[in-house]
Amino acid sequence: MWNFPLFPQQASTSARSTDALFFFLLGVMLFFAVLIFVLVFIFAIKYRRRDTSYVPPVIVQLVSLEAAWIAIPFGLVIVIFAWGTLLYFEHRSPPPGAIEMYVVGKQWMWKTQHPEGQREINTLHVPVGRPVKLIMTSEDVIHSFFVPAFRVKQDVLPGRYTSLWFQATAAGEYHLFCSQYCGTDHAQMIGTVVAMEDADYQRWLGGGAAEGTMASAGERLFNRLGCATCHLESGQGRGPALGGIYGRGIGLANGRVATADEDYLRESILNPGAKIVGGYPNVMPTYQGQVTEEQLMQLMAYIKSVKP
Amino acid sequence: MSSKTVEPVSETPVNYLNASFGLRSWLLTIDHKRIALLYLVTITLFFFVGGVFALLIRLELLTPRGDLFTAETYNKLFTMHGLIMIFFFLIPAVPAVLGNFLVPLMIGARDLAFPRINLLSYYIYAVGGTFTMYSVVAGGVDTGWTFYTPYSSTYSNTHVTAMVIGIFITGFSSILTGLNFIVTIHKMRAPGLTWFRLPLFLWSIYATSIIMILGTPSVAMALALVAMERLLHIGIFDPRLGGDPLLFQHLFWFYSHPAVYIMILPGMGIVSEIVPCFSRKRIFGYSFVAFSSLAIAVLGFLVWGHHMFVAGQSIYAGIIFSALSFLVAIPSAVKVFNWTATLYKGSVSFATPMLYALGFIGLFTIGGLTGLVLATLGLDIHVHDTYFVIAHFHYIMVGGMVMAYLGGIHFWWPKITGRLYPDSWGRLAAAIIFIGFNLTFFPQFIVGYLGMPRRYHVYPPEFQVLNVFSTAGASILGVGYLLPLLYLFWSLKYGAKSPANPWDATGLEWMAPSPPPTQNFPVTPLVAWEAYEYEKREVPVA
Amino acid sequence: MTHAASPRTYVIVLLALLALTVVTTVVAHIDLGPGNSAVAMLIAVVKMLLVMLFFMHIRYEARLTRLFAGAGLLWLLFMIGLVMADVLSRNWR
Amino acid sequence: MPEPTHALAEQFDDLEQQRQASTIGMWVFLATEVIFFGALITGYTEYRASYYQAWAAASKHLSVVFGAIMTILLLSSSFTMAMAVHFARLGGRKRLALCLLLTILLGAVFVGMKFMEWHDHYQRHEVPGMGFEFPGPNAREAQLFFSFYFAMTGFHALHMIVGIGILAVLTGLALLGRLAPPRHVPVDIAGLYWHFVDIVWIFLFPLLYLVDLHHK
Ligand code: HEA
Ligand code: HEA
Ligand code: CUA
Ligand SMILES: [Cu+2]
């Protein structure tokens, strides 16, 4: 019973960098907490009331001392802030070439899909040593994808995409928690992240998905929903060609430029009138209510895969 | 007009307690001191209701399985625990009880500027509390105290609307109290009582009032919009209707972060009164402590986004909010250092209020320092919504503010009731609370960094041992909180009569008799001294 | 007792307010690009100032009163400013 | 709140202190009102930035002429209110009551027009959550605009109605001669409130009625 953990497993690259900063802060915290406790203790004991005729001296203030205890914490927090912000950028910038996996949260389960097409529920298999980027959304309320061993967490919102990335460093099974309160079974919206050596992961993938890769599923949808009738690869159709648009700046009819990220693609499909591509009429119908979150993600995987 | 009562000499002089009798004379009183007592009773009631919820939470968490309550019940428990503790206990605790009692006394006024509005705000509070209790009794609410949309606005099918209305109403009580204090402190100070002669308690009440009036309307509107979404099915925050759920979080935290300073500033004010009194020394760095209250109140409004670092907020906004959060920590640091320095070369005695004040300094420091971890962008990713956050704020709110509140109650109890309580019982209770508190909440830092998410009634078994500590601590804490209730009650009847100034403290409130007469001061005092001139007073025998 | 403006001033202020209402309505029909919103808000602020300065006697009130009148507006700017800082930069990379 | 029998309440030392306290109290209250409406304006600003086209389209469903007339009414009522304060200070009982009555009248017409407008929206199915219909591609976002439209004008109208109630009480008191100096301060305070509500509308008018009118 006494062999309970006091410190979480370190199983990702960001776990190491997070803990490094945490230990620095722990040092700062210990220093100040001990300083205050010790000073209060010493003063209280040393100057305890013994003699009622003793009149304590009048010390109104010491500006130099005040300046010191404003300046020193100030200097320290600048360091903490800078370090924390750099770490945050590291957390928020997936390295190029990360494997893109898709996550949909709903009350109260996690649905995940690999680019190769495998779907899982409440589990996610990932390879060790390769960066993985998760593109996530929710079907209902806000959830949060939290893997303590990786020190990653990101809220998952309905109507939008959020993402996070990690690179596992040790094979094993790790807790996956939903950490944003989402209703009755919030505490049961848990699962496992299985990190596997790359070879094992490839073998696991080898099982293959019946419906093929996400992009090919997306392509089938693209044809079935009639997108292909307007979005011809030649660019001669009624709508613009979609090859290679992902990540590019798109000149809009209102003169602004929008980056074609996941949220843009989503909006273009569900609410095409919101941002009109320059030079095209506003004729694309909305697909609101006709595609599920997962199908949207497949469409997106397809659009990303089309070469210009 | 001030009646010409002479300094009372008879056995039981006329005071605000025995000036008139009957329920009516209490329920319709416009005397700030009686209104303070009305609040005291109501707030104590709410504290114990919230405390029972806390105990039930801890009981469920004794085991990793959900064996005591269903998921729904548990979710309602922590929601109502949080809501009651925050909106009906801690926010009004010091301002409405001690603030109401002391503000006019400390500035030498006969009452607040708007006594009727003061009574009105008590009744608004009571009506809001009634709505809340209705929604609790009717079946409760399960949204968490934060009411995040779209869960609260479209998915939850509990009594959210009644609860939201209750909080909306209570908000106006807070606004009117703050308004009253601001005007009173500006306009009703006794002649000679300049800003820099004010006791620091008043500076912090003033800063608190600023937050109350400028923050509260935002959460009122946010909650009104949630109610409208629920009742009328219009989309304001609902993403399916094009809304942005983060907008709710912005409007909510625009109030609710500053509100945490509503919950701590008055406590800091109390500590700034107690520490000089029991060190027989002027407070160190008066003007720095005074201005840091204002700095906290103003800067505190600019940091709310630190609750949304992983919520899908822009990373650039996150950077701004993080930087400002660090800035707002500096004035708190200034206060802690100044209190510590006040002890230096003092004549320190360990009466009950002082023990609470010293406890406050230590526990607030721990809570505040862990706030730095949360304000650090890269680290909050890991600890957000885990027990680390729970431990952080309980350290500040329970270890800090509840301690300060109890310290203040013990400090001014003789003034309020005219009776002395048994000091040894007081010190015992303070020690029990200190130990129980740390046992409850320190393990939560560890279990939080391990990754245990908050608002979970079932959890992986490896977290159990730490949770057992926590539950054990909570029961000690419960006993600790029960004690003052008992002996303070006891003192009402059996306690020795208190002189006007039992601690030989400075401050105008101690110049009025204990308990003070309805008019507070027969003649308006003329202030020709600075605050905390302890060097000019005798040291009482410890 | 503070002295206040005379009825004459009130009439002038009223006329100015009415004129500005007409101006803002007319200007809204002219294409100024993004300038339309700016002009509309500018005119609204001027109207607000007129009401505050004269009808509400801010001109003749103590500094303290002006402080509180300004505080509400400043805090509103805090709110809008920081919320928009988030909203507008959410999709930056 | 019952009127104090004496002009001076017992917690104050003199009338000037009491007047200043009331005035500052009212301004503090107005500061809270700024944030109250401000939360709505913040939401409005976010969505307007996100869905500009939809909001421009939706705004065209409001009648600018109607809005402008309402603005003029309200500004005029502010003028009569200022005159009421003026006469209250001078002690003109009848003129005070007259100005108050005029203010109430203008305010009531404003509220009446607001109700007419809401009724029109209702008939045109422009009320969110009640069978909302909107032509064109932006129905969803237009509904958001109308949600804000109703919330903002609704809370404003609520303030107007409260204000009219207060002014009605004051008119009665004025006629009874109970607002003669030095007891005129309530008129000052009510005036501040009324002008504030006017200022809110000064902003609501361009925000709601005047979005992108130059595009047809
Ligand atoms: C009274 C209540 C109170 C107070 C005063 C504070 C004070 C602070 N809080 Fe806390 N906080 C809460 C109550 C409070 N908090 C609550 C209730 C929540 C959770 C809400 C929820 O989600 O339910 C929360 C959550 C919370 C978060 C969000 C966490 C998350 O959800 O992920 C953050 C992030 O920045 C934060 C930061 C801070 C900081 C920096 C301070 C600072 O003001 C602290 C300043 C104090 C010190 C720093 C200590 C003294 C200083 C020294 C001894 C000197 C050394 C100092 C330096 C080197 C700077 N708090
Ligand atoms: C002022 C605020 C305040 C106060 C005083 C407290 C006091 C306590 N809180 Fe609470 N707490 C919050 C504010 C507060 N809390 C908030 C805002 C949340 C977040 C809610 C949310 O997520 O939405 C929270 C959440 C919260 C949780 C997390 C729940 C979860 O996320 O799943 C826990 C768990 O341990 C907890 C425990 C306690 C305990 C043990 C106390 C103790 O200090 C209580 C002590 C009091 C008593 C014990 C009662 C008094 C005694 C008796 C009734 C006599 C009988 C008892 C005995 C003889 C033993 N609190
Ligand atoms: Cu999903 Cu919590
Ligand atoms: Cu905060």
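Letters go in sequence order (proteins before strands), and every chain restarts at 1. None of these values were measured; they are calculated from a predicted model.
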Where B:Gly235 and D:Ser147 come nearest, the two heavy atoms and their spacing: O-OG, 3.5 Å
Chain B contact residues among residues 161-168 of chain D, heavy-atom distance under 4.5 Å: none
Any donor-acceptor pair under 3.5 Å from D:Tyr47 side chain to B:Gly242 backbone: no
Other residues, nucleotides, ligands: >12 heavy atoms within 6.0 Å of D:Tyr122 OH: no
Structural part of D:Tyr51 lying under 4.5 Å from a heavy atom of chain B: side chain
Portion of B:Phe254 that has a non-hydrogen atom of chain D nearer than 4.5 angstrom: side chain
Toward chain D, the part of B:Met188 with a non-hydrogen atom under 4.5 Å: both
Distance (rounded to the nearest 0.5 Å) between D:Glu46 CD and B:Leu246 CG: 8.0 Å
Heavy-atom pair count under 4.5 Å with chain D, highest-scoring of B:Met228, B:Met212, B:Arg240: B:Arg240
Nearest-0.5 Å distance that lies between atom CE in D:Met130 and atom NE2 in B:His233: 11.0 Å
Nearest heavy atoms of B:Met221 and D:Phe36, plus distance in Å: CE-O, 3.5 Å
Choice from B:Leu214, B:Leu120, B:Asp111, B:Val219 maximising heavy atom contacts with chain D below 4.5 Å: B:Leu214
Contacting region of B:Ala113 [heavy-atom separation from chain D under 4.5 Å]: both
From CD1 (B:Ile175) to CZ (D:Phe29), nearest 0.5 Å: 7.0 Å
Best-contacting candidate, D:Ala21, D:Pro128, D:Gly129, against chain B by heavy atom pairs under 4.5 angstrom: D:Ala21
Region of B:Leu247 that comes under 4.5 Å of a non-hydrogen atom in chain D: both
For chain B, the option from D:Gln20, D:Glu141, D:Gln143 that forms the most heavy-atom pairs under 4.5 Å: D:Gln20
Short N-O contact, B:Lys187 and D:Asp13, less than 4.0 angstrom: no
Under 4.5 Å from any heavy atom of chain D - which part of B:Leu232: backbone
Side chain / backbone / both / neither for B:Leu112 at chain D, heavy atoms under 4.5 Å: backbone
Side chain to side chain contact (heavy atoms under 4.5 Å, CB included) between D:Leu40 and B:Leu225, intermediate numbers included: CA-CA 9 Å; D:Leu40 278 175; B:Leu225 291 174; 4.0 Å; yes
Inter-residue atom distance B:Asp31.CG - D:Gln11.CD, 0.5 Å rounding: 11.5 Å
Structural part of D:Phe150 lying under 4.5 Å from a heavy atom of chain B: neither
side-chain hydrogen bond (donor to acceptor under 3.5 Å, both in side chains) partners for D:Ser77, two or more places apart: D:Trp194
Closest contact, heavy atoms only, B:Ile213 versus D:Val28: CD1-CG1, 3.4 Å
Working for side chain to side chain contact (heavy atoms under 4.5 Å, CB included), residues B:Gln519 and D:Glu10: CA-CA 10 Å; B:Gln519 298 283 333; D:Glu10 64 177 318; 3.4 Å; yes
Straight-line distance of B:His186 NE2 to D:Gln17 CD, nearest 0.5 Å: 13.5 Å
Interchain contact, B:Pro104 with chain D, by part (heavy-atom threshold 4.5 Å): neither
Atom pair CD1 (D:Ile35) and OG1 (B:Thr216), whose distance is rounded to the nearest 0.5 Å: 10.0 Å
